[in-house]
There are 2 protein chains.
Amino acid sequence: MELPVVNQPVHRSGVLLDHLSRRIRTRSESVLAPLGLRPRHLVALTVLRESGGTTQQALSATLEIDGTNVVSLLNDLEKDGLVERRRSPEDRRRHIVELTQAGVERLAKAEFALAAVEDEVLGSVLDEAQRELLYSLLKQATVGQKVVCTND
Amino acid sequence: MELPVVNQPVHRSGVLLDHLSRRIRTRSESVLAPLGLRPRHLVALTVLRESGGTTQQALSATLEIDGTNVVSLLNDLEKDGLVERRRSPEDRRRHIVELTQAGVERLAKAEFALAAVEDEVLGSVLDEAQRELLYSLLKQATVGQKVVCTND
DNA sequence: GCTAATCATTGGCGAAACACAAACGATTTA
DNA sequence: TAAATCGTTTGTGTTTCGCCAATGATTAGC
């Protein structure tokens with residue numbers, strides 16, 4: 001109503017974010033289980049699709065997951081043939097992780113299944129425009145993250 | 001740009017939601033630890049403040065957490081004097097859980113601490129208006145949830 | 001060439017989330 | 001008074017996950 005004078009957001013989203021994402025995540029687990037995936041895998045697959053191939057180290061930084069856990073995560077995915085580890089030609093210590101064709105397809109299949117979950121949770125409380133808006137905000141919030149390039 | 005003709009959101013937020021909330025949650029844990037709280041506690045305290053007192057059963061439904069786990073959650077909070085369990089005058093088998101004054105204060109203190117976390121994660125990628133917008137969307141998405149009243 | 005640093009990997013530890021089963025205690029009903 | 005109901009409590013077990021240490025392979029510095 002009145003012009004806000006504050007230059008700081010009054011409301012904090014952290015708790016709501018936690019609550020809402022948990023509601024979606026628990027439902028997602030049920031839906032993803034038949035596909036042999038867990039929510040965590042989905043995030044990794046999504047990042048890999050968008051990046052088009054990164055080192056595990058970069059993946060660890062992006063996901064903010066400990067390197068050792070990234071290994072087991074990728075082991076799961078590679079065991080199913082969804083990702084592929086290649087040695088980097090530049091530095092043969094590194095692995096370059098990439099989605100396989102099967103990975104692309106499985107991801108698409110998972111997203112299709114997850115759409116139903118999201119419709120169930122958000123469908124009755126947000127209209128399409130709001131959901132698109134939410135997506136764009138989240139996208140901006142996650143993509144815009146400062147990836148601290150290792151400058152030594 | 002063009003008018004969208006679809007009546008279904010093209011983009012799904014689930015994965016982004018998962019990713020972002022995780023980034024905030026891990027940082028929150030560090031910040032909340034000195035206060036003797038975990039993210040889970042914060043969600044419960046927030047719900048209790050807004051509802052102004054509910055039964056554990058209702059809390060269980062809202063948080064979508066198993067009733068038995070709500071107990072231990074409340075035990076933690078009550079041990080610190082943050083919440084209070086009263087017998088319901090209507091049905092003396094029930095407990096009505098309410099925030100204490102100490103609970104209100106601790107929650108405020110926690111929110112203050114969490115604000116710094118949220119600023120760190122969102123501050124550089126979303127402006128104030130966008131953060132408020134995100135909040136309102138999340139608020140609507142969580143508050144609007146269907147609370148299935150037990151009608152037998 | 002030799003030593004140190006880097007990257008991926010493995011295994012183990014501990015904390016936490018969570019679901020489930022069973023018991024308990026107070027209260028209501030027959 | 002006995003039985004049934006309801007919320008709560010206790011306890012157990014599984015799974016997830018972050019962290020630490022050690023190993024092997026590779027690269028970089030001296």
Side-chain angles (χ1 to χ4, degrees), chain A residues 18-19 21-30 32-33 36-44 53-79 83-98 149-152, chain B residues 18-19 21-30 32-33 36-44 53-79 83-98 149-152:
Chain A
D18 202 358
H19 187 35
S21 84
R22 184 182 178 279
R23 292 183 61 213
I24 294 182
R25 183 160 15 92
T26 53
R27 288 167 172 78
S28 299
E29 283 166 2
S30 315
L32 291 177
L37 297 173
R38 276 172 294 140
R40 174 159 286 237
H41 295 137
L42 251 287
V43 181
T54 49
T55 66
Q56 295 188 200
Q57 191 174 334
L59 198 57
S60 169
T62 304
L63 298 176
E64 293 193 4
I65 291 180
D66 188 279
T68 62
N69 294 101
V70 172
V71 172
S72 68
L73 199 65
L74 291 178
N75 286 348
D76 295 341
L77 296 176
E78 195 174 36
K79 184 161 48 61
V83 303
E84 196 180 39
R85 285 191 251 216
R86 283 197 338 247
R87 285 287 171 189
S88 166
E90 301 155 0
D91 187 339
R92 291 187 41 75
R93 287 172 299 185
R94 296 186 193 177
H95 275 161
I96 292 185
V97 187
E98 243 172 330
C149 296
T150 55
N151 55 348
D152 50 331
Chain B
D18 203 358
H19 187 34
S21 86
R22 184 181 177 279
R23 291 183 61 212
I24 294 181
R25 182 159 19 89
T26 52
R27 288 169 172 78
S28 298
E29 283 166 4
S30 314
L32 290 177
L37 296 173
R38 276 169 294 140
R40 173 161 286 238
H41 295 136
L42 250 287
V43 180
T54 49
T55 64
Q56 295 188 198
Q57 188 176 334
L59 199 57
S60 168
T62 304
L63 298 177
E64 296 194 0
I65 291 180
D66 189 281
T68 63
N69 295 103
V70 172
V71 172
S72 67
L73 200 64
L74 291 178
N75 285 349
D76 294 342
L77 297 176
E78 195 174 36
K79 184 162 47 61
V83 303
E84 195 181 40
R85 287 190 247 217
R86 282 196 340 248
R87 285 289 172 188
S88 165
E90 302 156 0
D91 188 337
R92 293 186 40 76
R93 288 173 297 190
R94 295 187 195 175
H95 275 163
I96 292 186
V97 188
E98 243 173 331
C149 296
T150 57
N151 55 346
D152 51 330

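In what follows, chains carry the letters A, B, and so on, assigned in the order in which the sequence lines appear, proteins first and then strands, with residues in each chain numbered from 1.
Side-chain nitrogen and oxygen atoms of A:R40 include at least one within less than 4.0 Å of the OP1 or OP2 phosphate oxygen of D:dC17. Put simply, B:Q56 has no side-chain N or O that comes within less than 4.0 Å of OP1 or OP2 on D:dC6. OP1 or OP2 of C:dT9 has at least one side-chain nitrogen or oxygen of A:H95 nearer than 4.0 Å. For A:R38, a side-chain nitrogen or oxygen approaches OP1 or OP2 of D:dC17 to under 4.0 Å.
Look at CD1 on B:I96: it is 15 Å from C1' on D:dT8, rounded to the nearest Å. Taking atom CZ of residue A:R94 and atom P of nucleotide C:dT6, one finds them 12 Å apart after rounding to whole Å. Spacing between atom CD1 of A:I65 and atom C1' of D:dC17 amounts to 9 Å, rounded to whole angstrom units. Here the C1' atom of nucleotide C:dA16 and the CG atom of B:L32 are 15 Å apart, to the nearest Å. If you take CG of A:D76 and P of D:dC17, they are 10 Å apart, rounded to a whole angstrom. Rounding to whole angstrom units, CG of residue A:L37 and P of D:dT15 are separated by 18 Å. Nucleotide D:dT27 holds its P atom 15 Å from the CD atom of A:Q57, rounded to whole Å. Atom CG of B:L73 is separated from atom C1' of D:dT8 by 14 Å (rounded to the nearest Å).
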Enumerate the protein-to-nucleotides 10-15 of chain C contacts in which both atoms are nitrogen or oxygen and the separation is below 3.5 Å.
| from | atom 1 | to | atom 2 | distance (Å) |
| --- | --- | --- | --- | --- |
| C:dT10 | OP2 | A:N75 | ND2 | 3.0 |

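Distance from the side chain of A:D91 is smallest to D:dT27 among C:dT27, C:dC7, D:dT27.
For the 3.5 Å distance criterion, the side chains of B:H95 and B:R86 fail to qualify, holding no donor opposite an acceptor. A side-chain N or O of A:Q56 and one of A:R85 form a donor-acceptor pair less than 3.5 Å apart.
Heavy atoms of A:R22 sit under 4.0 angstrom from primed sugar atoms or phosphate atoms, though from no base atom.
Residues forming a side chain to side chain donor-acceptor pair (under 3.5 Å) with A:D91 (at least two apart in sequence, or on another chain): A:R93. Partners of A:E29 under the side chain to side chain donor-acceptor pair (under 3.5 Å) rule, at least two apart in sequence or in another chain, do not exist in this structure.
Here A:D76 pairs with A:R38 in a salt bridge; the nearest charged N to carboxylate O distance falls below 4.0 Å.
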Residue pair A:E64, B:R25: steps toward the salt bridge (charged side-chain N to carboxylate O under 4.0 Å, His left out) verdict: CA-CA 11 Å; A:E64 293 193 4; B:R25 182 159 19 89; over 6 Å; no
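Not one N or O on the side chain of B:R23 forms a donor-acceptor pair closer than 3.5 Å with the backbone of B:H19.
Mapped onto DNA chain D by nearest heavy atom, A:S88 and B:T55 fall at different nucleotides, with B:T55 at the one closer to the 5' end. For the pair A:R87 and A:T26, both in contact range of DNA chain C, the more 5′-proximal nearest nucleotide belongs to A:R87. Both A:R93 and B:D66 sit near DNA chain C, but only A:R93 has its closest nucleotide nearer the 5' end.
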